[in-house]
Amino acid sequence: MLYYIIFRGVLMSEDNKKKNDKSNNKWNGMPYNNRELSWIDFNKRVLEEATKKENPIMERCNFLSITASNLDEFFMVRVAGVLDQIHHGTKTPDASGLTPPEVMKRLSEKIHDFAKSQYNCFNRCIIPALRANRIEFVDENSLTAEQKKFIDNYFEKVVFPVLTPMAVDTSRPFPLLANKSLNIAVRLTNPEGEEFFAVVQVPSILPRFLELPSNGARKFILLEQIIEMHLNELFELYNIKQFDAFRITRDSDLDIDEDTEDLMAEIKKSIRKRKRGVPVRLEFCKKCNKEIRGFLIEALDVSEDEIYFQRGPLDLTFLSKFARIKGCEDLCFEPIVPVNPPAEFCGYDDIFKAIREKDRLVHHPYESFDVVVDFVKKAAADPKVLAIKQTLYRVSGNSPIVAALIKAAENGKQVTVLVELKARFDEENNIQWATKLEKAGCHVIYGLTGLKTHCKICLVVRKDNDKIRRYLHMGTGNYNDSTARFYTDIGMFTCREEYGVDASSLFNVLTGYSLPPEYNKFIVAPRGMRPFFEEMIIKETENAQKGLPAKITAKVNSLVDPKIISLLYDASNAGVKVELVVRGICCLIPGIKGYSENIKVISVVGQLLEHSRIFIFENEGNPLYYLGSADWMQRNLDKRVELVFPVEDEDIKARVQEIMTVMFKDTVNARKQHSDMVYYPVEKRGKKRLNCQKYFSKLAMKAQKDAMKASYASTVGTPIVPQKEEGDEDK
């Protein structure tokens, strides 16, 4: 707990905590959309992409899958949290004025409506569009003799050995079913007419769908249907009366005791508990048998509000893999191919030389994430590099970044890695990487007690010929080469001295007992970020009141924090123009008279997932630009280690400004939030069709082409003479 107290610089008494909790009530009356309800609206925007006829059909399948995956996690964490508040008798209203029971009532209504929309999309949009492209899902009644034989053979050789039918009777209690598992409940009778129930889990280890031999259209059947066709082989001594598929979703929010001596062991224990979490949703097919339904409701102890009847196959997340089946590439988006190398690094064999010359910015995935991987790889191999320090929040399953850090340790460099073990749903993956890093000789920190470390920073300490120099990469997204292919993020490389000093100070706080310093350039949460953003918004408000140029432009994933929203309302009332790109949750409501008439909010949902965070403050006509890892949420400002950093290079400022300008001109992916909290397509009349994500891709390609031409032109006719470069002592 000492880390937490030192880092925050504040030790609140229990009385102060209670006062702070009560202070939430002062936001009541301010226009504020409930966080959970706003999230449902975001998922609706994703669902709209699945219904768009102009989107390729396989991409529409993928969008529908994303809405299902999003909803699973929402139940596992957010709905579970509201239910837990109700269970503990919490009656305190949130900033929207709703108590937990009121939130749950509205949530239940919205989620039931949303689930109905999902299956309307599947049945009325997806299935007909697939059929139009000669792709069909079939059932037992439409199979040919050849297809039945194919399925029988597949069941016997592949499926049957994996199945484990579980009887439920006086000697065998209802089994503990895994979270998100798909199951088949079977109602049976024996020769004497006694009734029994059994459960068959649909094995997640096997593909959810099977392609069948066909001379015409491509035909597929779902795994649960294959199992249902062969249930008699599993219960030969009984008569099968009915069978129905069902699926449960469990509370999966970890309750971690961070005062433990062994955090990794505590997290491992909590992960095991996750599998036994309380059910928060029970899904049936619409036609589910009455007796089976009653049996499951009693066995799982769920309420009527937690039951969902779906008009199609349960667990639509399978559509994600289905959307990538071979032979359907022409039914997908034209891929956005990252340029490599990015324009900023064209003509440079030495990445450190490029960074010494000027700050460099990369915009992923339009520009390849490989440049970040190469930065760590080259640091690992470079004999002049003395130390590497890095934070890791979410990394891929086969991370080249981690491999490079391990190589660096093996090469004798001092390697320090903060691996955040509490990154939700990545805990197991991060535990494995932390263990491997430790075994390789890296100094591994597991995060700070009471805080999640969410900042994205890599520090390389190198002995150049003139001095010890610190090279930095700082970003808005994770060091994850997998998600970097479809998350939009920004990274900046620099070796500015003041940034390097700040980076060393930050790592000293993370790894030791150092007091948080007064940073030169960095804005770091939880101690300094909230006051920074509040002061910047207040300053713009004061400038507007003085008649000076005033504007706030920001791009975040979520806008939730009541104090930030209140200050933005004040700024709007003072005449500050506020333009916000908020992809997901937005509790601020624009266009409300007396509050937010000068605030514009758009959400961009498209082929790529918008993830970068950008903040621009007009500052009397001399705009200040910031990038970083933090959203405007209480958890980012108060409960995490986050990093926001200024942009000082004029070329990079121009690029950041262009990103924001283009996003507000998008007429394809952008939706504008109105005062009724509904998002509508942006006005297109008189405007050119502009897809900002396609625009940035073309921009990156052009920049690379121009940079390569310039690099080539500069070398034509130049004699090849060994030259001594700044920072290189052996040339």
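Computed from a prediction, not measured in an experiment: that's the story for all the values here.
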Practice item. Return yes if some donor-acceptor pair links the side-chain N/O of Ser38 with the main-chain N/O of Ile585 below 3.5 Å, else return no. Key: no
Exercise for review: Hey, can you tell me if Phe369 and His364 have their rings parallel, tilted or perpendicular (30° and 60° cut-offs)?
Suggested key: perpendicular
Point to revise | pair Leu627-Leu361: side-chain heavy atoms closer than 4.5 Å | key: yes
Review point. With distance as the sole test, does Ser566 use its side chain to make a donor-acceptor pair with the main-chain N or O of Pro562 at under 3.5 Å?
Key: no
Review point. Between the main-chain N or O of Asp370 and the side-chain N or O of Ser368, is there a donor-acceptor pair closer than 3.5 Å?
Key: yes
Review point. Asn478 and side-chain hydrogen bond (donor to acceptor under 3.5 Å, both in side chains): which partner among His454, Arg394, Lys456?
Key: Lys456
**Study point:** Heavy-atom donor-acceptor pair, Thr494 side chain to Leu472 backbone, under 3.5 Å
**Key:** no
Check your understanding: Just by distance, with hydrogens left out, do Tyr479 and Gln390 show a side-chain donor and acceptor under 3.5 Å apart?
Key -> no
Review point. How far does OG1 of Thr476 sit from CZ of Arg613, to the nearest 0.5 angstrom?
Key: 6.5 Å
Point to revise | Asp638 side chain to Pro526 backbone, donor-acceptor under 3.5 Å | key: no
Check your understanding: Is the backbone of Ile490 close enough, under 3.5 Å, to the side chain of Ser612 for a donor and an acceptor to pair up by distance?
Key -> no
Review point. Taking atom OH of Tyr393 and atom OG1 of Thr391, what is their separation to the nearest 0.5 Å?
Key: 11.5 Å
Check your understanding: Got Leu506 and Asn508 here, is their nearest side-chain heavy-atom distance under 4.5 Å?
Key -> no
Check your understanding: Would a 4.5 Å heavy-atom cut-off, applied to side chains only, mark Asn557 and Val582 as touching?
Key -> no
**Study point:** Ser596 side chain to Ile592 backbone, donor-acceptor under 3.5 Å
**Key:** yes
Check your understanding: Is a side-chain donor-acceptor pair under 3.5 Å present for Tyr471 with Asp464?
Key -> yes
Practice item. Specify whether Phe533 and Phe617 have parallel, tilted or perpendicular ring planes, treating 30° as the upper limit for parallel and 60° as the lower limit for perpendicular. Key: tilted
Review point. Is there side-chain contact between Thr553 and Phe664, with heavy atoms separated by less than 4.5 Å?
Key: yes
Check your understanding: Do Val417 and Val415 have side chains that get closer than 4.5 Å, going by heavy atoms?
Key -> yes
Would you give me the side-chain donor-acceptor pairs under 3.5 Å for residues 541-548, sequence neighbours excluded?
residue, atom, partner, partner atom, Å
Thr541, OG1, Ile537, O, 2.9
Asn543, ND2, Lys539, O, 3.4

Study note, to complete from the structure: Heavy-atom nearest pair, Val560 first then Tyr32, reads O-OH, 2.7 Å
Review point. Distance from Thr416 atom OG1 to Phe507 atom CZ, nearest 0.5 Å?
Key: 8.0 Å
Exercise for review: Would you name the heavy atoms of Gly441 and Ala409 that are closest together and state the gap between them?
Suggested key: C-CB, 4.2 Å
Check your understanding: Can Asp561 and Arg530 be counted as an ion pair, charged N to O under 4.0 angstrom?
Key -> yes
Point to revise | Arg655 bridged to Glu344 by N-O distance under 4.0 Å | key: yes
Review point. Is the shortest distance from a Lys or Arg side-chain nitrogen in Lys555 or Glu610 to a carboxylate oxygen in the other one below 4.0 Å?
Key: yes
Review point. Between Ser396 and Asp481, does any side-chain donor sit less than 3.5 Å from a side-chain acceptor?
Key: yes
Point to revise | Plane angle bin for Trp632 and Phe615 - parallel if under 30°, tilted between 30 and 60°, otherwise perpendicular | key: tilted
Point to revise | Test: Lys384 and Asp382 ion pair at under 4.0 Å | key: no
Exercise for review: Go through Leu405 and Ile388 one step at a time and tell me if the side chain to side chain contact (heavy atoms under 4.5 Å, CB included) criterion holds.
Suggested key: CA-CA 8 Å; Leu405 293 170; Ile388 303 173; 3.8 Å; yes
Exercise for review: Output the distance between atom CZ (Arg485) and atom CG (Leu608), rounded to the nearest 0.5 Å.
Suggested key: 12.5 Å
Review point. So do Lys452 and Lys639 actually touch side chain to side chain, heavy atoms under 4.5 Å?
Key: no
Practice item. For Glu540 and Lys551, indicate whether the former's side chain and the latter's backbone hold a donor-acceptor pair under 3.5 Å. Key: yes
Review point. What do you reckon, is NZ of Lys577 surrounded by more than 12 foreign heavy atoms closer than 6.0 Å?
Key: no
Review point. Is there a donor-acceptor contact under 3.5 Å linking the side chains of Tyr348 and Glu357?
Key: yes
Review point. Less than 6.0 Å separating the ring centroids of Tyr569 and Tyr595?
Key: yes
Exercise for review: Quick one: sort the Phe493 and Phe345 rings into parallel, tilted or perpendicular, breaks at 30° and 60°.
Suggested key: perpendicular
**Study point:** Euclidean distance, Thr483 OG1 relative to Asp489 CG, rounded to 0.5 Å
**Key:** 7.5 Å
Exercise for review: Begin with the C-alpha distance, continue with both residues' side-chain angles, and end with the deciding distance and a verdict on side chain to side chain contact (heavy atoms under 4.5 Å, CB included) for Thr488 and Phe696.
Suggested key: CA-CA 10 Å; Thr488 72; Phe696 292 135; over 6 Å; no
Check your understanding: Restricting to pairs with a member in residues 496-506, which pass side-chain hydrogen bond (donor to acceptor under 3.5 Å, both in side chains), not counting sequence neighbours?
Key -> Asp359-Arg496, Arg470-Glu497, Arg470-Ser504, Arg496-Glu648, Asp502-Asn520
Check your understanding: How many angstroms lie between atom CD1 of Ile401 and atom SG of Cys458, to the nearest 0.5 angstrom?
Key -> 7.0 Å
Point to revise | Other residues, nucleotides, ligands: >12 heavy atoms within 6.0 Å of Lys413 NZ | key: yes
Point to revise | Carboxylate-amine/guanidinium proximity below 4.0 Å for Glu438 and Lys436 | key: no
Point to revise | Working for side chain to side chain contact (heavy atoms under 4.5 Å, CB included), residues Val460 and Phe375 | key: CA-CA 9 Å; Val460 172; Phe375 176 64; 3.6 Å; yes
Exercise for review: Please check if the side chain of Gln657 supplies one atom and the backbone of Lys653 the other of a donor-acceptor pair under 3.5 Å.
Suggested key: no
Practice item. Answer yes or no: are there more than 12 heavy-atom neighbours, outside Lys407 itself, under 6.0 Å from its atom NZ? Key: no
**Study point:** salt_bridge(Lys358, Asp651) N-O dist < 4.0 Å
**Key:** yes
Exercise for review: Carefully, step by step, assess Val581 and Met660 under the rule side chain to side chain contact (heavy atoms under 4.5 Å, CB included).
Suggested key: CA-CA 8 Å; Val581 181; Met660 295 304 294; 4.0 Å; yes
Practice item. Flag the pair Leu510 / Ile445 as yes when at least one side-chain heavy-atom distance between them is below 4.5 Å, and no otherwise. Key: no
